There are 2 protein chains.
Amino acid sequence: MDKKEKIIDTALKLFVENGFHGTATSKIAQEAGVANGTLFNYFKTKDELVVAIYISVKEDMADFLIKNIKDSDNFKDVMKSQFWASLFWALNNQMKFKFIQQFHTSPYVDKIEQEVTQSQVLPHLKLIQTGIDKGLIKKLPVDFIYSIISSQTFGVYQYIISKQFTKVQQHETVEQTFELLWDMIK
Amino acid sequence: MDKKEKIIDTALKLFVENGFHGTATSKIAQEAGVANGTLFNYFKTKDELVVAIYISVKEDMADFLIKNIKDSDNFKDVMKSQFWASLFWALNNQMKFKFIQQFHTSPYVDKIEQEVTQSQVLPHLKLIQTGIDKGLIKKLPVDFIYSIISSQTFGVYQYIISKQFTKVQQHETVEQTFELLWDMIK
DNA sequence: ATTTTGATTGACTAATCAGTCGCAAATATA
DNA sequence: TATATTTGCGACTGATTAGTCAATCAAAAT
């Protein structure tokens, strides 16, 4: 495995377990099986490492969502596929998902440029706009609807992991939540 | 002002601005206008301080919510008053609200006993249960509904502060969101 | 006036931190 | 094979950290 990748993976895990400042760079290097200085060959500073992980994780998620967008004429189905994909990714990449949450509620958020995040949100906003234009969902600000769907997704995620559900129960809950969500915005 | 209170207030501000580990105890003491050792007279460790702030902030919020629960026979009105109160508190105590978010997504969460949190959630769960029993809202697990309402509240909060709305616009948005929420669970 | 008490102080310490640097090893180029 | 370049190393440093503690203070109690 590539050393840079190994550092990112180890750091991700330790950051989620002990927090950003709670994790020493020396510990990351040690656990990743590289020398102290090697870490700084790849990332000039610790901050740069944190931000690099965030971008990497976000790309990972965005890639997954794009690949799993359902190509259908049925708008509801397309929305549903995105809702599903988001939750599927979150549940199968819990560490990465937790990292994103931790990052978003930390002072590090300010260190990232809006453009990076915006470009990943854009496809979703466009999808919602399409739904509004076709009169399939309520005429409300797109980013308001996006905000609601996002937080709903997060809410279900929290609920599911707190319950230690089986795959079947997870499936039912997600299905149920989407129907509620759809009733709300349609 | 009481020194302990002063330390808590200063630490809260600095923690939100620079993160938990990003804030040195010496800086807290300095900015609070007390000696280094005084902080440790009140809180044995830094961790104890963080947890103490969390409990204090949570109590503050819980007190506000209890005081603002509408005493009405109309169930929807009661629910609405709670939704309103939650958002009102969050928007008027942004630092405290941010602290809670940061705490919840940090490894510190594990240091707190469930009982503390559970007791504050209980009134809300009971309220939801009443609604279900009366057949006013859907027959779904109470904590599932609670989870959805909570995340919805958080979503609107995020949306509102990102838009730098006026009081009137805030009012409209909250009103609108509650109607959506009610349509979803009723 | 003297003693007791508890809060407050800030200099201090051992540990830990992010980041550096000169050198060695490995890899690529010729 | 010889040379050049990249990659990796880990001991090192100056700064900072959480937490300690003996000394000081003010005020109350005797």
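Computed over heavy atoms, backbone and side chain alike; hydrogens, waters and symmetry mates excluded. For clarity, every value in this text was computed on a predicted model and none was experimentally measured.
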Original post:
Looking at DNA chain D, which of residues 31-39 of chain A put a heavy atom within less than 4.0 Å of it?
Top reply: A:Val34, A:Ala35, A:Asn36, A:Gly37, A:Thr38

Original post:
Are the side chain of A:Ser147 and the backbone N or O of B:Gly155 linked by a donor-acceptor pair below 3.5 Å?
Top reply: yes

**OP:** Return yes if some donor-acceptor pair links the side-chain N/O of A:Gln102 with the main-chain N/O of A:Phe15 below 3.5 Å, else return no.
**Re:** yes

Original post:
Is there a ring-ring contact (aromatic ring centres under 6.0 Å, His included) between A:Tyr54 and A:Tyr108 once you walk through the steps?
Top reply: CA-CA 10 Å; A:Tyr54 177 75; A:Tyr108 277 102; over 10 Å; no

**OP:** Please determine if a side-chain N or O atom of B:Lys3 lies less than 4.0 Å away from the OP1 or OP2 oxygen of C:dT9.
**Re:** yes

**OP:** Would you indicate whether the side-chain heavy atoms of B:Met79 and B:Phe178 approach each other to under 4.5 Å?
**Re:** yes

**OP:** For A:Asp47 and C:dC17, give me the distance from atom CG to atom P, rounded to whole Å.
**Re:** 16 Å

Subject >> Closest contact, heavy atoms only, B:His21 versus B:Lys46 >> reply: CA-NZ, 3.7 Å

Original post:
Is it true that the side chains of B:Glu48 and B:Thr45 contain a donor and an acceptor less than 3.5 Å apart?
Top reply: no

Original post:
How close or far is atom C1' of C:dT13 from atom CZ of B:Phe40, stated in whole angstroms?
Top reply: 13 Å

**OP:** Quick one: label B:Tyr42 by what it contacts on the DNA or RNA (base, sugar-phosphate, nothing), any heavy atom closer than 4.0 Å.
**Re:** sugar-phosphate

Subject >> Nucleic acid contacts of residues 18-25 of chain B, taken as heavy-atom distances under 4.0 Å to DNA chain D >> reply: B:Thr23, B:Ala24, B:Thr25

Original post:
What heavy-atom pair brings B:Ile137 and B:Ile128 nearest, and what distance separates the two atoms?
Top reply: CD1-O, 3.6 Å

**OP:** Among the candidates C:dA18, C:dT8, D:dC9, find the nucleotide nearest to the side-chain atoms of A:Lys46.
**Re:** C:dA18

**OP:** Rounded off to whole Å, could you give me the CD1-to-P distance for the B:Ile28 and D:dT17 pair?
**Re:** 11 Å

Original post:
Are B:Glu179 and B:Lys76 ion-paired here, with the side-chain N under 4.0 Å from a carboxylate O?
Top reply: yes

